[in-house]
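Input: a single structure, listed below in structure tokens.
Just so you know, ligand 1 is whichever comes first in the structure, and atom 1 is the first atom listed for that ligand. The chain is numbered in sequence order, starting from 1.
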Amino acid sequence: MAPGKYHLKNGTVVSMDKSIGVVPNCDVLIDDGVITKVAPSLSPSGEYTVIDATDAIVSPGFVDTHRHTWQTQLRTVCADHVLSDYFMHIRCKYGSCYEARDAYLGNYCGALESIDSGITFLIDHSHIMNSPDHSDAAVKGLRDARIRATFCYGLYKNPAWPGSAMDAEREEKTPDWRFEDSKRIRETHFKSNEKTDVLRFGFAPAEIESCPTDELIMEIEHGRKLGAAVVTGHTGLGRWDRGLRLVRKLNERNVLGPDLLFSHGATFQDDELDAIAKHGIGISSTPDTELQMGMGRPICFKAHSVGCNASLGCDVVSSAPADMFQQMRLALQAERHAKHYEAKGAPFVVSHRCEEVLEFATMGGAKAVGLADVIGSVTPGKRADLLLIKTTSARLSPVGDPVMALVLYANGSDVDTVFVDGEIVKQNGKLAGVDWLKVRGELLESTKRIFERSKRAPMDAIEAQAMPIMRMYAGETE
Ligand SMILES: [Zn+2]
């Protein structure tokens with residue numbers, strides 16, 4: 001349903017705007033994509049489509065600040081993996097099996113999955129640029145799903161082994177083709193790149209922890225020259241941090257700026273966190289993958305306490321679904337446990353409250369990606385990225401505290417209606433305007449294709465190439 005005039009009536013508004021707070025029996029007006037009023041008992045003049053929000057929480061949509069959206073077809077592949085397995089299997093094997101149509105479906109269905117569970121914005125850290133057609137397809141997937149996103153063009157190269165979907169000749173003759181292609185993508189698909197555009201262009205340098213600093217700086221500058229809204233990279237990877245102190249180095253070289261977004265960062269040192277806070281840089285903690293794969297204790301709480309823009313990301317659906325409820329829960333309970341474990345004796349006061357982690361998943365995310373004045377809260381003047389979460393299920397009756405209910409009780413099946421930029425993309429618990437049975441059929445076909453091709457992967461050779469890199473990350477060799 002196209003943007004229009006909507007009157008959400010009589011909901012419990014969890015605004016995430018400190019000047020508004022939590023308001024029971026509250027109405028929200030949306031006019032052509034913009035939230036115009038948030039107050040009880042509104043009777044607007046003019047033609048509004050009324051949506052009854054009785055027995056529902058109205059909240060901002062979730063902001064996912066770190067995702068490799070293309071991996072939809074690889075669900076459960078990494079559920080028992082650590083980072084070295086992930087690198088070998090996802091990046092060196094399955095990634096090389098994706099054709100452009102698979103990249104499209106991975107991104108399209110990954111974005112739909114996100115909307116279904118209440119994620120209205122994502123950073124697509126896209127490292128599936130196997131060819132220029134893949135880049136176009138990945139952008140189209142996000143656009144067709146109608147999610148708000150910053151598409152971060154990744155410079156990464158997947159290995160071209162015989163039988164893979166890679167063009168070995170192109171990689172050999174023009175190994176730097178992605179620089180030119182990223183420029184083409186920016187000019188073709190992102191002509192304006194304004195903050196209020198639903199889809200924006202961003203950039204992701206390749207393997208920032210393993211390339212020489214000068215090369216990394218050159219790549220960051222390339223992204224900036226293209227006008228990237230966000231430049232993002234993985235660093236500070238817990239047990240996989242070889243002690244490079246990348247943020248410190250970039251600070252010394254005066255490269256830090258508010259357009260940067262670092263994912264993970266469990267092993268950031270205090271001076272690095274200070275520099276990140278000072279420059280208004282975003283941090284994305286991804287509790288699921290960090291806790292599972294040895295990437296350390298999610299840094300979001302510590303980072304937030306020293307003034308950083310802390311946020312959450314779902315990272316990869318090859319190990320867990322795109323579910324911000326799950327990320328909030330894991331982040332909060334893991335940190336509570338860690339604090340209890342560190343302290344002497346029994347805890348008589350809880351260390352962190354539910355509202356902190358809901359902040360990371362909404363306003364914190366908006367700040368981390370430079371959109372604090374556009375999304376992240378139910379505030380008049382902002383774009384209407386909103387959720388209507390029904391509280392009629394057995395799990396949510398009665399609600400008690402709505403913030404606590406969102407963080408520790410609700411799940412994607414409670415998300416009844418989703419607005420992105422004032423457009424309804426989920427309604428009555430169903431994705432709007434999507435023939436899911438047909439799309440699912442295509443996704444399963446694509447999955448079959450990828451797995452069939454992956455049987456040809458020379459795993460011994462891949463392991464021989466990948467493991468020394470992972471040992472270097474682990475600090476075992478230089
Ligand atoms: Zn990642």
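In this structure R67 satisfies the salt bridge (charged side-chain N to carboxylate O under 4.0 Å, His left out) test together with D64, sequence neighbours excluded.
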Full working for side-chain contact (heavy atoms from CB on, under 4.5 Å) between C354 and L408: CA-CA 8 Å; C354 291; L408 292 179; 3.8 Å; yes
side-chain contact (heavy atoms from CB on, under 4.5 Å) evaluation trace for Y86 with R91: CA-CA 7 Å; Y86 168 84; R91 298 283 317 291; 4.0 Å; yes
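Geometry at the Zn ion (ligand 1): OD1/D315 and NE2/H234 form an angle of 180°, nearest 10 degrees.
At a cut-off of 2.8 Å, H125 does not coordinate the Zn ion (ligand 1) through any N, O or S atom.
Ring pair H304/F360: centre-to-centre distance below 6.0 Å.
No other N/O/S atom of H66 lies as close to the Zn ion (ligand 1) as NE2 does.
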